**Student:** 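Input: one structure, supplied below.
Quick caveat: nothing in here was measured; it's all calculated off a predicted structure. Throughout, numbering of the chain's residues begins at 1 and tracks the sequence.
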Amino acid sequence: LPTKQVVALKVMSAGLGADEKKVLRFEQEARASTSLQHPSIIQVLDYGRSADGLLFIAMELLSGRTLGRRLKEDGPLSISDACRVLKVTCDALAVAHDMGIIHRDLKPENIFLVEDDASQGDAQIKLLDFGIAKVTGHNELETLTETGFICGTPLYISPEQSLGMP
């Protein structure tokens with residue numbers, strides 16, 4: 001990146017680079033994520049192929065922990081904190097849905113609580129990982145999902161997915 005900004009990198013392993021479908025999914029994730037502009041969705045800054053041929057996505061570097069880790073380390077959220085996380089997450093998902101992008105792997109590990117010295121304990125929330133997102137027809141990104149294809153984390157899969165519905 002020309003700004004010399006410190007970033008988080010997601011890199012596709014060289015072994016997966018031979019699978020054209022996985023490469024197309026990775027590239028779709030990069031394009032979909034880049035198109036999503038919302039303060040509660042991780043910002044993708046760049047994507048491409050490195051000089052040695054590895055696919056990468058460069059994202060803003062976040063400081064904090066996932067909601068999953070927070071729950072494991074500190075226990076349940078208060079009702080007010082849970083409502084805030086839910087509202088912010090739903091707002092971010094609504095923006096993605098309006099663009100024809102369905103997350104499909106929404107779980108505590110993909111919700112990030114950004115710790116900021118100025119936040120005074122009120123963490124900013126970021127939605128992560130659109131790696132298995134479904135892109136619907138009214139979006140310019142191609143749809144790579146096959147009919148009946150089920151993906152996601154079993155404990156968090158949507159009822160529609162578990163029933164094999166599109």
**Student:** Could you tell me whether R65 and D74 make a salt bridge, using a distance below 4.0 angstrom between a side-chain N and a carboxylate O?
**Tutor:**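 Salt bridge flag = yes for D74 with R65.
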**Student:** State plainly whether the residues E109 and R69 are in salt-bridge range, i.e. N to O under 4.0 Å.
**Tutor:**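 A salt bridge is absent here (no side-chain N lies under 4.0 Å from a carboxylate O).
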**Student:** For A58 versus V7, what's the shortest heavy-atom pair and its separation?
**Tutor:**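 Closest approach of A58 to V7: CB-CG2, 4.1 Å.
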**Student:** From I79 CD1 over to R84 CZ, what is the distance, rounded to the nearest 0.5 angstrom?
**Tutor:**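 Output value for this atom pair is 15.0 Å.
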**Student:** Side-chain heavy atoms nearer than 4.5 Å, only ILVMFWY residues, links allowed to pass through others: does that put L45 and L9 together?
**Tutor:**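 Hydrophobic grouping puts L45 with L9.
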**Student:** Do you know the tightest heavy-atom contact between F26 and F56?
**Tutor:**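 Here F26 and F56 meet closest at CE2-N, 3.7 Å.
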**Student:** Under 4.5 Å between side-chain heavy atoms, hopping through other hydrophobics if needed: is there a path connecting V95 to I101?
**Tutor:**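 Looking at the clustering, I101 is in a separate group from V95.
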**Student:** Side chains of I42 and E60, heavy atoms from C-beta outward: is any pair under 4.5 Å?
**Tutor:**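 They are in contact (side-chain heavy atoms under 4.5 Å apart), so the answer is yes.
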**Student:** Which is it for L128 and I111 under the side-chain contact (heavy atoms from CB on, under 4.5 Å) test, yes or no, and what are the steps along the way?
**Tutor:** CA-CA 6 Å; L128 311 176; I111 299 170; over 6 Å; no
**Student:** Can you tell me how far the CG atom of D129 sits from the OG atom of S33, to the nearest 0.5 Å?
**Tutor:**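 Output value for this atom pair is 8.0 Å.
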**Student:** Walk me through whether M99 and Q37 qualify under side-chain contact (heavy atoms from CB on, under 4.5 Å).
**Tutor:** CA-CA 10 Å; M99 295 187 67; Q37 299 297 315; over 6 Å; no
**Student:** Using side-chain contact (heavy atoms from CB on, under 4.5 Å), reason through H103 and D105 one step at a time and then give a plain yes or no.
**Tutor:** CA-CA 6 Å; H103 191 283; D105 198 22; 4.0 Å; yes
**Student:** Going from OH on Y47 to CZ on R31, what distance comes out if it is rounded to the nearest 0.5 angstrom?
**Tutor:**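 Between atom OH of Y47 and atom CZ of R31 there are 6.0 Å.
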**Student:** For the atom pair CD1 (I102) and CG (L93), what is the distance rounded to the nearest 0.5 Å?
**Tutor:**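 The CD1 atom of I102 sits 9.0 Å away from the CG atom of L93.
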**Student:** Please confirm whether the backbone N or O of V88 pairs with a side-chain atom of S40, one donor and one acceptor, at under 3.5 Å?
**Tutor:**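 Flag not set: sc S40 to bb V88 has no pair under 3.5 Å.
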**Student:** Should side-chain heavy atoms under 4.5 Å link Ile, Leu, Val, Met, Phe, Trp and Tyr, which residues sit in the same cluster as V6?
**Tutor:**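 Listed partners: L61.
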**Student:** Using modelled atom types only, decide if a donor and an acceptor are shared between the side chain of H38 and the backbone of Q43 within a distance under 3.5 Å.
**Tutor:**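 Checked: no pair found.
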**Student:** Within the 4.5 Å heavy-atom criterion, are V114 and I125 side-chain neighbours or not?
**Tutor:**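 No, their side chains stay 4.5 Å or more apart.
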**Student:** Under the 3.5 angstrom rule, does the side chain of K126 hit a backbone N or O of N110 as a donor-acceptor pair?
**Tutor:**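 No, K126 side chain to N110 backbone: no donor-acceptor pair under 3.5 Å.
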**Student:** Applying a strict under-4.5 Å side-chain criterion to I, L, V, M, F, W and Y, I'd like to know whether L67 and L86 cluster together.
**Tutor:**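 Looking at the clustering, L86 is in a separate group from L67.
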**Student:** Using the rule given for side-chain contact (heavy atoms from CB on, under 4.5 Å), can you reason through I57 versus D46, listing the C-alpha separation, both sets of side-chain angles and the distance that settles it, and then say yes or no?
**Tutor:** CA-CA 6 Å; I57 300 173; D46 197 8; over 6 Å; no
**Student:** Not counting sequence neighbours, list each pair that qualifies as a salt bridge (charged side-chain N to carboxylate O under 4.0 Å, His left out) and has a residue in residues 32-44.
**Tutor:**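 Matches after skipping sequence neighbours: none remain.
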**Student:** Nearest 0.5 Å, please: how far is OG1 in T66 from NZ in K107?
**Tutor:**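 Interatomic distance, K107 NZ to T66 OG1, rounded to 0.5 Å: 10.0 Å.
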**Student:** What pair of heavy atoms forms the shortest contact from L127 to A92, and how long is it?
**Tutor:**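 Taking L127 first and A92 second, the nearest heavy atoms are CD2-CB, 4.3 Å.
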**Student:** Ignoring hydrogens and geometry, is there a side-chain-to-backbone donor-acceptor pair from R70 to G75 under 3.5 Å?
**Tutor:**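 Present.
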**Student:** Where the side chain of S35 meets the backbone of A32, is there a donor-acceptor pair that is under 3.5 Å apart?
**Tutor:**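 A pair under 3.5 Å: yes.
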